[in-house]
Each structure stands twice: as C-alpha cells, then as structure tokens.
Amino acid sequence: MAHAPDTPDKARVVDALRQTVDAALAALAKMTEDTREEATGTESRAESQYDTRATEASYLAAGQGRRLLGLRALAGWLSQLDPGAPHTAVGPGALVCLSRGARPDWVLMAPEGGHTVTVDGVAVRLVSVRSPTGEALELLEPGDEAEIDTPGGAALLRIEAVC
C-alpha cells in the first residue's frame, strides 16, 4: 500500500462519508415525501386542461425517488465497506491520490459519486467506478497515468497512491 504525504485516515473518511450520505438520504426522503404529497394532493388538481402542476410534481417525485434508491444503495455499500482492506490498484473501496500537475486530488472509488468530505484538512471526493474518470482509472497502480476528457479538454492524471 503506497502512501502519499498528507494521506487522510481512510476509516475517518469512510465514517465522514457515511454521515454525509445518511444526512443526504434523510433530507431527500423528506423532500420526496413532500413532493409526492404535492403531486397527489387536492391542491394539485388541474384548474384547466393546460394546468400541468400535478404532472410536473409527479415527474419531480419520480426523479427524487430514483436518486433516493441510489443513495440507499450507496449507504448500504458504505456500511459494509472495510476501510482496513488493502488496495494495490484502483477499484471500488480504494482511496486514491491523483495528481494533475502539482495539485493532489484524493478520491474514494465507489458505486455512486457526487459527495465530498474534508478529513484532517484534506478534501476527498466520491468518484463512481462507472463514471468516465472511474473507468479510466480502474486497475491502475501507483505511478500509472490516465488521460481523461474534461470540459476544459484532455487532462493527464497520475496515480500517486492507492490505499
């Protein structure tokens, strides 16, 4: 297991991510319930054939429901993740230090991405293994490089450490 300077404690990273995802899950569950009530409530009855409030609310509730399922799956995965399991290559559960020039970037590879936590002053992002970045990094080891497409053009990422 290679370590880079300022390696965040993986157990603390996973714990912070669990708390963040649990909070997001609770907030989204409440929003989804409120939206579902709005979509089916008497106040959403169409006042004319052009009134689409109920339809729009039902689309919003459906999207929130899909996001809720993704967060529940991520929470379940995090609850079973063993932060002490060693990783020598990038894959699900690996804490990875990437460099893009002089700037280190810490990521935790997971089934779903989109959350960031700060532990010991180091920001760690969840990156989905199914994302373009996750797919480009899969199975790489410290010292390997991958080129990814970004909105600003191609970027070269170097794997500095995998924990």
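Values below: every heavy atom of this structure, side chains too, minus hydrogens, waters and symmetry copies.
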### Task
Answer yes or no: is there a donor N or O on one side and an acceptor on the other, between the side chain of Thr150 and the main chain of Gly153, under 3.5 Å?
yes

#### Entry: Validation row: Val124, Val107 side chains within 4.5 angstrom (heavy atoms)
no

### Task
Answer whether the closest heavy-atom distance between the side chains of Trp106 and Leu95 falls below 4.5 Å.
yes

### Query
Do Ile159 and Glu145 come within less than 4.5 Å of each other through their side chains, counting heavy atoms only?
no

### Query
Are any non-hydrogen side-chain atoms of Leu156 and Arg100 less than 4.5 angstrom apart?
no

### Query
What distance separates Thr133 OG1 from Leu98 CG, expressed to the nearest 0.5 Å?
8.5 Å

#### Entry: Where Ala123 and Thr116 come nearest, the two heavy atoms and their spacing
CB-CG2, 4.2 Å

### Query
What residues, two or more places apart in sequence or in another chain, satisfy side-chain hydrogen bond (donor to acceptor under 3.5 Å, both in side chains) together with Asp105?
Arg125

### Message
Any heavy-atom pair between the side chains of His87 and Lys10 that's under 4.5 Å?
### Response
yes

### Task
Measure the OG-CZ distance between Ser99 and Arg158 for me, rounded to the nearest 0.5 Å.
6.5 Å

### Query
What pairs with Asp120 under salt bridge (charged side-chain N to carboxylate O under 4.0 Å, His left out), at least two apart in sequence or on another chain?
Arg12

### Query
Of the non-hydrogen atoms in Pro8 and Val13, which two are nearest, and what is the gap between them?
CB-CG2, 3.9 Å

### Query
Between the main-chain N or O of Leu28 and the side-chain N or O of Arg67, is there a donor-acceptor pair closer than 3.5 Å?
no

### Derivation of the side-chain contact (heavy atoms from CB on, under 4.5 Å) call for Thr7 and Cys163
CA-CA 9 Å; Thr7 302; Cys163 310; 3.9 Å; yes

### Message
Looking at every heavy atom in both Met109 and Gly134, which two are closest together, and how far apart are they?
### Response
CE-CA, 3.5 Å

### Task
Answer yes or no: is there a side-chain heavy-atom contact under 4.5 Å between Leu157 and Leu137?
yes

### Query
Quick one: are Gln19 and Asp22 in side-chain contact, heavy atoms under 4.5 Å?
no

### Task
Sorted by first residue and then second, give each salt bridge (Lys or Arg N to Asp or Glu O under 4.0 Å) pair with at least one member in residues 90-99; sequence neighbours left out.
none

### Query
Which atom pair, heavy atoms only, marks the closest approach of Leu140 to Ala146?
CD1-CB, 3.6 Å

### Check: Glu112 and Ser128 side chains under 4.5 Å, non-hydrogen atoms
no

#### Entry: salt bridge (charged side-chain N to carboxylate O under 4.0 Å, His left out) partners for Arg66, two or more places apart
none

### Message
For the CG atom of Leu17 and the CG atom of Leu126, what is their distance to the nearest 0.5 Å?
### Response
4.5 Å

### Message
Give me the atom names and distance for the closest heavy-atom approach of Ala89 to Leu139.
### Response
CB-O, 3.7 Å

Result block: side-chain N/O donor-acceptor pairs under 3.5 angstrom for residues 68-84, not counting sequence neighbours:
from: Ser79; atom 1: OG; to: Gly76; atom 2: O; distance (Å): 2.7
from: Asp82; atom 1: OD1; to: Gly84; atom 2: N; distance (Å): 2.9

### Task
State which residues pass side chain to side chain contact (heavy atoms under 4.5 Å, CB included) with Thr20; sequence neighbours excluded, sorted by chain then number.
His115, Val117

## Note on the structure
side chain to side chain contact (heavy atoms under 4.5 Å, CB included) test vs Val90 passes for just one of Val96, Val129, Asp144, namely Val96

